[in-house]
2 protein chains.
Amino acid sequence: MSVINLISSCETCTQRWKNFQHLTKEELNLVNENRYEATFKPGETIIKQGSPTSNALFMASGMAKTYIEGLNGKNFILSIALPGRLIMGPGVYVDSRHTYSVAAITAVQACFINFEIFRQLIRINGAFAESLIEDISAKSQLTLNRMVSLSQKKMHGRLAEGLLYFADVVFKSDEYEMILSRQELGEMTNMAKECVVRILKELEDSKVIYSDSSKIRILDREKLIMISEKG
Amino acid sequence: MSVINLISSCETCTQRWKNFQHLTKEELNLVNENRYEATFKPGETIIKQGSPTSNALFMASGMAKTYIEGLNGKNFILSIALPGRLIMGPGVYVDSRHTYSVAAITAVQACFINFEIFRQLIRINGAFAESLIEDISAKSQLTLNRMVSLSQKKMHGRLAEGLLYFADVVFKSDEYEMILSRQELGEMTNMAKECVVRILKELEDSKVIYSDSSKIRILDREKLIMISEKG
DNA sequence: GTTTCCCGGTGATATATATCAATTATCAGA
DNA sequence: TCTGATAATTGATATATATCACCGGGAAAC
């Protein structure tokens, strides 16, 4: 992790969190003056679950995984963190601890913004506060959907859902590089890595996807969606 | 569902949401003037998933279940709604639809507060907005923990967790009336009703709990916690 | 009072999924 | 270029959990 400011200012940042649009020029300046940048190499931990929360995190470039370190050292991958999104667990407002860990998958350029500044802005700027509530609500909604999927769908459905998540949210393309290992894909869809391998193969055999271990291409999107929905 | 105002005002209400403490007298009055009461009989639907959100819900008395209607008509019980708590799903801020359904278990006296008023207060009162964020965050944190439990614990652990939830959160007592049917207990812990019956019996046989189908008494709390944590 | 339906309960069985053991592929250093 | 180390893959097996079929009881409906 090296610390050199590469981004000149929040004002000109192309990956800026869209909710910052509710801030006045002065308020945005306040954010800019209270941020620091850092870069991370693949595999490096950006945020450690349980550590005190002093900052809100944004990514300027790269990809990371957010995950909960659960029982018996088993991880549970929550999402792929992307540029332009706020990365801040609910723990900030509960016990001032990070609810989940974040680890870089590719090289990551990150911006940390002092949380006290953040909190201050929420108190003085109603529109900003509301936009934060919207952001949190959207995440919460996704988590609930996820919970229902995990408990009511079978493996095929969960894996299909995972593959569509990468296509629709992460890469916005039906062909992509699978940045997670089979093990991690299992941690995301709650299945053993062996099962991931097997079902991936089944999907390939039935011409729903093409896969060469690092690359995934969705061939029959209709069918993949059906598998995902039918469970 | 009958509509008669039984509670004289928010100001004197003993079951008032604690976050209302951040409101000024005038603001609280605004809330009071824009609420309406209703009572529900056991089994009645208070809120229907997917319907438009025009109100925030509070309960003055009684108990209800909040649940998501998932795939193939399978329900997923999220929590037991209790007096003094805000009952408002994230959908309010996402698509203006209720994310989950709420149904009365006992007789319920409820207060609906116009959501536009609520939204207005969030914009003008920073402390109130922050307290709402805290409330949402706490729920979000619980949901994440729940998701990890559901995916990493086995049936015994999940059921033990459920029993402790009733003891610690719902009734604040180690002896209580089980207000959910075995079927519903299964919808809460993600297991078939037959399995609920069997494991409940196992717990009774090993003297961890006493149970006579409608009553539950925790006999060995230490052990129950251990089962819950070990998975 | 009878009927109906849902709930609790039980045993047998089917199914989904995890685990184990072993083999091959891949890739970053030395 | 070799060489561990790690990941992908495979088949066989074990385990957790769901489903099915059935019974009896009680509460609500007729």
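The shown structure was predicted, so the numbers you read here are calculated from the model rather than taken from an experiment. Side chains are part of it too, since the values below use all heavy atoms of this structure and drop only hydrogens, waters and symmetry mates. First the proteins, then the strands, lettered A, B, ... as listed; each starts at 1.
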Value in whole Å for how far the P atom of dA18(C) lies from NZ of K153(B)
18 Å
Taking only nitrogen or oxygen atoms into account, show me every contact under 3.5 Å that the protein makes with nucleotides 11-14 of chain D, one pair per line with its distance.
{"residue": "dG11(D)", "atom": "N7", "partner": "R198(A)", "partner atom": "NH1", "Å": "3.1"}

I'd like to know if the side chain of E204(A) and the backbone of S211(A) have a donor-acceptor N/O pair within less than 3.5 Å.
yes
Drop me the distance from T143(B)'s OG1 to K139(A)'s NZ, to the nearest 0.5 angstrom.
14.5 Å
Listing time: all N or O pairs from protein to nucleotides 23-29 of chain D that are below 3.5 Å?
none

Looking across every strand, which nucleic acid part, if any, lies under 4.0 Å from N190(A) by heavy atom: base, sugar-phosphate, or nothing?
sugar-phosphate
Send over the distance from D205(A) CG to dT9(D) C1', rounded to a whole Å.
13 Å
Just the rounded figure in Å: distance from C1' of dA16(C) to NE2 of H156(A).
10 Å
Pick out the pairs of N or O atoms, protein on one side and nucleotides 4-8 of chain C on the other, that lie under 3.5 Å.
{"residue": "dG8(C)", "atom": "OP1", "partner": "R182(B)", "partner atom": "N", "Å": "3.3"}
{"residue": "dG8(C)", "atom": "OP2", "partner": "R182(B)", "partner atom": "N", "Å": "2.9"}

With the threshold set at 4.0 Å, does a side-chain nitrogen-carboxylate oxygen contact exist between D168(A) and R221(A)?
yes
Nucleotide by nucleotide, 5' to 3', does protein get under 4.0 Å of the base (B), only the sugar-phosphate (S), or neither (-) in nucleotides 22-30 of chain C, counting heavy atoms?
---------
For the pair made of CG in L185(A) and C1' in dT9(D), what is the distance, rounded to whole Å?
15 Å
Which pairs of donor and acceptor atoms, one on a side chain in residues 189-203 of chain B, lie under 3.5 Å apart (sequence neighbours left out)?
{"residue": "T189(B)", "atom": "OG1", "partner": "L185(B)", "partner atom": "O", "Å": "2.8"}
{"residue": "E202(B)", "atom": "OE1", "partner": "H156(B)", "partner atom": "NE2", "Å": "3.0"}

Keeping the roles fixed (side chain from Q109(A), backbone from A60(A)), state whether a donor-acceptor pair exists under 3.5 Å.
no
Contact between L86(B) and F118(B) at the side-chain level, heavy atoms closer than 4.5 Å - yes or no?
yes
Considering just the side-chain nitrogens and oxygens of K154(A), establish if one lies under 4.0 Å of OP1 or OP2 belonging to dT15(C).
no
What is the distance, rounded to the nearest whole Å, between atom CE of M155(A) and atom P of dT17(D)?
14 Å
Tell me if a side-chain donor or acceptor on R158(A) pairs with a main-chain N or O of S149(A) at a distance below 3.5 Å.
no
Sequence neighbours excluded, the answer for side chain to side chain contact (heavy atoms under 4.5 Å, CB included) partners of A104(A) is F40(A), I46(A), V108(A)
The bend of the helix from dG1(C)-dC30(D) to dA30(C)-dT1(D), taken between the axes of its five terminal pairs at each end and rounded to 10°, is 40°
Could you list the residues that satisfy side-chain hydrogen bond (donor to acceptor under 3.5 Å, both in side chains) with E222(B), not counting sequence neighbours?
none
Residues in side-chain hydrogen bond (donor to acceptor under 3.5 Å, both in side chains) contact with T14(B), at least two apart in sequence or another chain:
none
Tell me which donor-acceptor pairs under 3.5 Å the side chains of residues 90-100 of chain A have, and how far apart each pair is, sequence neighbours excluded?
{"residue": "D95(A)", "atom": "OD1", "partner": "R97(A)", "partner atom": "N", "Å": "3.1"}
{"residue": "R97(A)", "atom": "NH1", "partner": "G50(A)", "partner atom": "O", "Å": "3.3"}
{"residue": "T99(A)", "atom": "OG1", "partner": "G91(A)", "partner atom": "N", "Å": "2.7"}
{"residue": "T99(A)", "atom": "OG1", "partner": "Q141(B)", "partner atom": "OE1", "Å": "3.1"}
{"residue": "Y100(A)", "atom": "OH", "partner": "G89(A)", "partner atom": "N", "Å": "3.4"}

Reported CD1-to-CE distance for the pair I105(B) and M63(B), which is rounded to 0.5 angstrom
8.0 Å
What integer distance in Å separates M191(B):CE from dT15(D):C1'?
16 Å
Mind calculating the distance between CG (L150(A)) and P (dT17(D)) to the nearest angstrom?
15 Å
Scan the side chains in residues 64-72 of chain A for donor-acceptor partners under 3.5 Å anywhere in the protein, sequence neighbours excluded, and list what turns up.
{"residue": "K65(A)", "atom": "NZ", "partner": "E184(A)", "partner atom": "OE2", "Å": "2.8"}
{"residue": "T66(A)", "atom": "OG1", "partner": "S79(A)", "partner atom": "N", "Å": "3.2"}
{"residue": "T66(A)", "atom": "OG1", "partner": "S79(A)", "partner atom": "O", "Å": "3.4"}
{"residue": "T66(A)", "atom": "OG1", "partner": "S79(A)", "partner atom": "OG", "Å": "2.8"}
{"residue": "E69(A)", "atom": "OE1", "partner": "K48(A)", "partner atom": "NZ", "Å": "3.0"}
{"residue": "E69(A)", "atom": "OE2", "partner": "K48(A)", "partner atom": "NZ", "Å": "3.0"}
{"residue": "E69(A)", "atom": "OE2", "partner": "S101(A)", "partner atom": "OG", "Å": "2.7"}

Atom-pair distance (CG on L159(A); C1' on dT17(C)), nearest Å
14 Å
Quick note, ring-ring contact (aromatic ring centres under 6.0 Å, His included) partners involving residues 166-208 of chain B, not counting sequence neighbours, are F166(B)-Y176(B), F171(B)-Y176(B)
Less than 4.5 Å apart, side chain to side chain, heavy atoms only: is that true for I133(A) and I133(B)?
yes
So, does K153(B) use its side chain to make a donor-acceptor pair with the main chain of S228(B) at under 3.5 Å?
yes
